[in-house]
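Just the heavy atoms: all of them, side chains too, but no hydrogens, waters or symmetry mates, feed the values below. If you're wondering where the values come from, they're calculated on a predicted model, not measured in any experiment.
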Amino acid sequence: MQQYSVYIFDLDGTLLDTLHDLAASVNYALRQHAMPEHSIDDIRQFVGNGVRLLMERAVPEGINNPEFEATYATFRQYYMQHSFDTTRPYEGIPELLHTLKQRGCLLAVVSNKMMAATQELVAHFFPEIDVAIGEHEESGIRKKPAPDTVYEALRQLTHRHSLSTAQLSSVYIGDSDVDIETAHNAGLPCISVLWGFRSREFLMAHGATTFADKPSDILSE
């Protein structure tokens with residue numbers, strides 16, 4: 001694969017296996033509001049476009065359910081307290097990031113996860129990451145697949161390192177159809193990873209053309 005100067009990563013399903021903590025938090029919120037719970041496979045299909053949409057998919061009748069906002073609030077509170085219970089980096093990810101930093105690359109995370117959770121998880125697991133951008137509803141920065149979070153990450157990187165975007169060659173790395181669309185909207189090449197929440201067949205059906213079977217594939221010349 002081509003080598004780049006900036007690597008912009010999705011978080012859930014790309015750097016971190018967060019599925020079980022997300023599922024536990026969803027089902028806790030559903031139980032508290034007397035709603036039916038979901039399987040891990042259900043939650044795997046629900047994730048990828050922010051926690052609000054995750055809960056819209058999990059709650060019966062979604063936002064039309066009169067208990068939706070209360071259930072969503074319960075989820076957010078519980079997840080912020082339990083986002084480290086079982087979440088771990090995928091095998092090979094710490095080594096990948098360390099090698100990229102040794103090569104002088106700049107690293108960023110853009111996620112539809114809540115801003116506070118995104119920054120807390122990145123700071124804990126990945127100190128090599130230069131910039132972490134999550135969902136912040138009051139910021140005016142649209143969530144993925146809009147390119148806003150990618151542009152904001154690049155803006156912060158260029159500002160911190162006194163660079164211009166013309167000096168950078170960037171790539172976006174993710175595990176979902178939302179990531180493919182985000183990369184396209186930002187005008188960046190996309191590497192789709194196969195250890196995350198979606199299959200090769202699903203990704204190909206949504207336009208993926210470049211794949212990584214394992215993190216070290218991203219380093220290959």
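Ring pair F84/Y79: centre-to-centre distance not below 6.0 Å.
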Would S176 and D179 satisfy side chain to side chain donor-acceptor pair (under 3.5 Å), going step by step from the backbone distance to the final call?
CA-CA 5 Å; S176 74; D179 295 314; 3.0 Å; yes
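If you check the side chains of H33 and T74, you find a donor sitting under 3.5 Å from an acceptor. For the residue pair Y72 / R76, a side-chain donor-acceptor distance below 3.5 Å is found, with atom types taken as modelled. Remark: the R103 side chain and the Q3 side chain contain an N/O donor-acceptor pair separated by less than 3.5 Å.
With respect to the salt-bridge test (charged N to carboxylate O, under 4.0 angstrom), the residues R200 and D213 qualify.
Residues L22 and V178 do not share a hydrophobic cluster, defined by chaining ILVMFWY side chains whose heavy atoms lie under 4.5 Å apart. By the rule that hydrophobic residues join a cluster once side-chain heavy atoms approach within less than 4.5 Å of another member, Y28 and M35 end up as members of separate clusters.
Counted within 6.0 Å of CE on M80, heavy atoms from surrounding residues, nucleotides or ligands total more than 12; the atom is thus considered enclosed. The number of heavy atoms from other shown groups lying within 6.0 Å of CD (E69) is above 12. At most 12 heavy atoms of other shown residues, nucleotides or ligands fall within 6.0 angstrom of atom NE2 in H184. Surrounding CD of E91 are at most 12 heavy atoms belonging to other residues, nucleotides or ligands under 6.0 Å away.
Remark: the backbone N or O of L107 is paired with a side-chain donor or acceptor of D130 at under 3.5 angstrom.
Screening T18, D10, D12 for a side-chain hydrogen bond (donor to acceptor under 3.5 Å, both in side chains) with K113, the sole residue that qualifies is D12.
Classification of the F9-Y7 ring pair by plane angle, with boundaries at 30° and 60°, yields parallel.
Closest approach of G134 and M115 over heavy atoms only: N-SD, 3.2 Å. Shown here for T14 and W195, the closest heavy-atom pair between the two residues is O-NE1, 2.8 Å.
In this structure, H161 has no ring pair (Phe, Tyr, Trp, His ring centres under 6.0 Å) partners at least two apart in sequence or on a different chain.
Between I133 and V109 there is no side-chain heavy-atom pair separated by less than 4.5 Å.
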